[in-house]
Amino acid sequence: MRAVEIAQPGGPEVLRVTERPRPEPSRGELLIRVAAAGVNRPDILQRRGGYAPPPGASDIPGLEVAGTVEALGTGVSGWSVGDPVCALVAGGGYAEYCLAPAPQCLPVPKGLSLVEAGAIPETFFTVWHNVFERGRLKPGETLLVHGGSSGIGTTAVQLGRAFGARVLATAGNPVKCAACARLGAQRAINYNEEDFAAVAKQATGGRGVDVVLDMVGGDYTPRNVECLAVEGRLVQIAFLKGSKVELDLLPVMQKRLTLTGSTLRPRPVEEKGVIARALLQNVWPLLERGEVRPVIFKTFPLEQAAEAHRLMESSQHIGKLVLTV
Ligand SMILES: NC(=O)c1ccc[n+]([C@@H]2O[C@H](COP(=O)([O-])OP(=O)(O)OC[C@H]3O[C@@H](n4cnc5c(N)ncnc54)[C@H](OP(=O)(O)O)[C@@H]3O)[C@@H](O)[C@H]2O)c1
């Protein structure tokens, strides 16, 4: 099969089209004939050599795919060859065929294309778990989403709103801010022009926000703590500005805050399966009714994975980039 491998750690040019043997499904796995593979920021970290695949995962990048079931491993039930499927994977997405553990596979939501479905798993699993399970966001609460125009951000803004929260989002320019507003953010904050913590306080009448979904860290962390309401939750999913921060923890005690976070990829299949079932029950109906949707900025043929990475690193995109096979 054709696949895109990381020849060595480095820039986008190290992504190389290669031939690999088609994988065989083991017990509990599906072999998916890939139609679309989502590109995610963690793929860039992996390409640069900073995010090794967990033990047993493919070295080929790619954390999510959609396509059709090509073959079933032993012990898999509920799926037939030819079924449309989308899946969260721990690697191997940038290829013509990809293995996925059955618990991490979901039906393609009715009415969505395979390209759209290929842009769903990584951000929807991440946002569901971090905003609703760890962050315990409830209807009527306020959610602040940093990186509101990112793949993760466009998902978090829509899901927050769909579940009855008031959403504030940050982004780096007016076009991205307008996109956040169209997706349901009541207030989009251009972090290059405004102090997000001050705006968040002002927008909540001084009360503060209930949940912050943060991928930035660095000097954002004390400001996140500052703009949280009593009993607020800060959920950390990445550290674009660094994970070493100086923080006065007194407000954590005074406001009874929760600081938490998680990373999806190394978690066991069973735990990802629990998130998949929650998505199927709570979020698939919203996707099928068109109340939320993956925001796709651009698609690239698999062979142009390097171009997709260049675009992602330029941060000009709004939403998701997808490779088509
Ligand atoms: N923990 C997990 O399980 C998990 C899973 C998936 C992804 N992630 C992380 O989530 C993040 C988003 O992933 P993605 O695939 O959605 O990526 P993406 O679409 O490339 O988005 C990255 C976003 O970060 C913003 N950004 C970059 N540098 C920034 C800075 N210094 N300050 C503020 N904002 C900055 C950019 O927006 P602006 O132009 O507005 O700055 C951009 O929208 C990544 O860091 C990724 O590693 C975590």
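Both ligands and their constituent atoms are indexed starting at 1 by order of listing. Note that these values count all heavy atoms, side chains included, but never hydrogens, waters or copies made by symmetry. Note that the structure is predicted; figures quoted are calculated from it, not measured.
Residue-ligand proximity, M312 to ligand 1, at heavy-atom distances under 4.0 Å covers atoms 20 (O). Taking a cut-off of under 4.0 Å to the non-hydrogen atoms of K241, the atoms of ligand 1 that pass are 31 (N). Atoms of ligand 1 lying under 4.0 Å from any heavy atom of G151, numbered from 1 in the order shown and given with element: 16 (O), 19 (O). Which parts of ligand 1 touch Y220 is read off a 4.0 Å heavy-atom cut-off, strictly below it: atoms 33 (C). Those atoms of ligand 1 that come under 4.0 Å of a heavy atom in G172, given as number and element, are 38 (P), 40 (O). The distance from ligand 1 to the heavy atoms of S262 drops below 4.0 Å at these ligand atoms: 1 (N), 2 (C), 3 (O).
Ranking protein heavy atoms by distance to atom 36 (C) of ligand 1, first place goes to S315 OG, 3.9 Å. Summary of contacts: the protein heavy atom closest to atom 43 (O) of ligand 1 is S150 CB, 3.4 Å. The nearest heavy-atom contact from the protein to atom 39 (O) of ligand 1 is K176 NZ, 2.5 Å. Among protein heavy atoms, the minimum distance from atom 3 (O) of ligand 1 is reached at L264 N, 2.9 Å. In this structure, the protein non-hydrogen atom closest to atom 41 (O) of ligand 1 is Y191 OH, 2.4 Å. Nearest protein neighbour of atom 8 (N) of ligand 1, counting heavy atoms only, is I237 O, 4.0 Å. Summary of contacts: the protein heavy atom closest to atom 28 (N) of ligand 1 is L240 CD1, 3.9 Å. H317 NE2, 3.4 Å is the protein heavy atom nearest to atom 18 (P) of ligand 1.
Remark: side-chain polar atoms of Q158 are not paired, donor with acceptor, to backbone N or O of V292 under 3.5 angstrom. Checking side-chain atoms of S243 against main-chain N and O of F239 turns up no donor-acceptor pair under 3.5 Å. Although no hydrogens or angles enter the test, the distance criterion places no donor-acceptor pair under 3.5 Å between the side chain of E271 and the main chain of P268.
Heavy-atom minimum distance, T123 versus T155: OG1-OG1, 2.9 Å. Heavy atoms only, all atoms of each residue included: V211 and G135 are closest at CG2-O, 3.4 Å. The heavy-atom pair separating A156 from L213 by the smallest distance is CB-CD2, 3.7 Å. Looking at every heavy atom in both residues, K320 comes nearest to E64 through NZ-OE2, 2.6 Å. Scanning all heavy atoms of the two residues, the minimum distance from H317 to F297 falls at CB-CD2, 3.6 Å.
Annotation: side chain of I6 is not in contact with side chain of R16 (no heavy-atom distance under 4.5 Å).
Residue contacts with ligand 1, taken as heavy atom pairs separated by less than 4.0 Å, involve T126 solely via side-chain atoms from C-beta onward. By the criterion of a heavy-atom distance under 4.0 Å, the side chain of V216, and not its backbone, is placed next to ligand 1. For K320, no heavy-atom contact with ligand 1 is shorter than 4.0 Å. Under 4.0 Å from ligand 1, the heavy atoms of A238 that appear belong solely to its side chain.
Between H146 and Y191, the ring centre distance reaches or exceeds 6.0 Å. For F132 and W128, the ring centers sit closer than 6.0 Å to each other.
Inclusion of I152 in the set of residues having an N or O under 3.5 Å from an N or O of ligand 1 is warranted. The N/O atoms of G147, backbone and side chain alike, include none that comes under 3.5 Å of an N/O atom in ligand 1.
Judged by distance alone, the side chains of S315 and R41 do bring a donor and an acceptor atom under 3.5 Å apart.
Ligand 1 has at least one atom lying under 4.0 Å from a heavy atom of S149. Contact annotation: F239 has no heavy atom less than 4.0 Å from any atom of ligand 1.
Geometrically, R265 engages Y51 in a cation-pi contact defined by less than 6.0 Å to the ring centre and at most 45° from the axis.
Closest heavy-atom approach to atom 13 (O) of ligand 1 among the candidates E313, E122, R41: R41.
Ring pair Y220/F196 is tilted by interplanar angle, where 30° to 60° counts as tilted.
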